[in-house]
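The structure appears right after this line, and notes come after that.
Since we're looking at a predicted model, the values are computed, not measured.
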Amino acid sequence: MARYWMMKCEPSVYNIQDLKNEPTQTIGWEGVRNYQARNMLRDDMKVGDYAFFYYSNAKVPGIAGTMKIVRAGYPDPGAFIPGHRYYDSKSNPDNPRWYQVDVKLVKILDAFIPLSALRQHPELTDLWILRKGNRLSITPLTAFQWDTILDIDL
DNA sequence: GCCAACGTTGGC
DNA sequence: GCCAACGTTGGC
């Protein structure tokens, strides 16, 4: 069974239009530097899983589109490159510390779903990103939560 | 292994 | 820009 994920990104750094403009509409979801999120990238995310592209730290935070996982967890290469934005001297190819997956754009939502709209749905109270103090950049969703979000009438 | 200090995240 | 919440670091 496919699983479902929420993947946060700051749109000022990289947004869903950038993803659409990629030649294959696919990128490595690089730069995650949190162990809990790392574990999910490395161990839990599989080809065929689905993910929301979530805008964090945005003027209007919320969900911009859907993606599919097209490559399961593999070492984040940026961590190995001195001077790279995501370089980490404690990660090396023999013992990689950080992982990423490849994601492919499925759809830019016709209507952006703001965080405020998610908050209005009682069925979504357990959603990770709605919990106070949540800072994880990768979080799981249930199939029910996924469907509920896509059915939201704005 | 505790915990204070510090840095980062992210909504507002 | 503020600040609450949380993760990480490092001294002890």
### Task
For A/R119, report the nucleic acid contact type (base, sugar-phosphate, nothing); a contact means any heavy atom under 4.0 Å.
sugar-phosphate

### Task
Indicate, with a heavy-atom threshold strictly under 4.0 Å, whether A/Y55 touches base, sugar-phosphate, or nothing.
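A/Y55: no heavy atom of the nucleic acid under 4.0 Å.
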
If I take atom [atom1] in residue [X] and atom [atom2] in nucleotide [N], what distance separates them, rounded to the nearest angstrom?
| X | N | atom1 | atom2 | result |
| --- | --- | --- | --- | --- |
| A/I129 | B/dT9 | CD1 | P | 17 Å |
| A/R131 | B/dG11 | CZ | P | 15 Å |
| A/N134 | B/dC12 | CG | C1' | 16 Å |
| A/D88 | C/dT8 | CG | P | 12 Å |
| A/K59 | B/dG11 | NZ | P | 15 Å |
| A/I138 | B/dG10 | CD1 | P | 11 Å |
| A/M7 | B/dT9 | CE | P | 16 Å |
| A/Y35 | C/dT9 | OH | C1' | 11 Å |

### Task
Give a yes/no verdict on a cation-pi contact between A/R71 and A/Y74, requiring under 6.0 Å between NZ or CZ and the six-membered ring centre and an angle within 45° of the axis.
yes

To the side chain of [X], which of [options] is closest?
| X | options | answer |
| --- | --- | --- |
| A/K8 | B/dG11, B/dG10, C/dT8 | B/dG10 |
| A/L115 | B/dG11, C/dG7, C/dT8 | B/dG11 |
| A/Q36 | C/dA4, C/dT9, C/dG7 | C/dG7 |

### Task
Please determine if A/R33 and A/D76 form a salt bridge, counting it only when a charged side-chain N lies under 4.0 Å from a carboxylate O.
yes

### Message
On DNA chain C, does the nearest nucleotide to A/N57 precede the nearest nucleotide to A/R97 from the 5' side, or the other way round? Give the residue.
### Response
A/N57

### Query
So, A/Y50 versus A/F52, ring centres under 6.0 angstrom or not?
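Judged by ring-centre distance (under 6.0 Å), A/Y50 and A/F52 do not meet the cut-off.
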
### Message
Between A/T26 (side chain only) and A/T24 (backbone N and O only), is there a donor and an acceptor less than 3.5 Å apart?
### Response
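Yes.
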
### Message
Main chain of A/A117, side chain of A/Q120: is a donor-acceptor contact present, judged purely on distance under 3.5 Å?
### Response
no

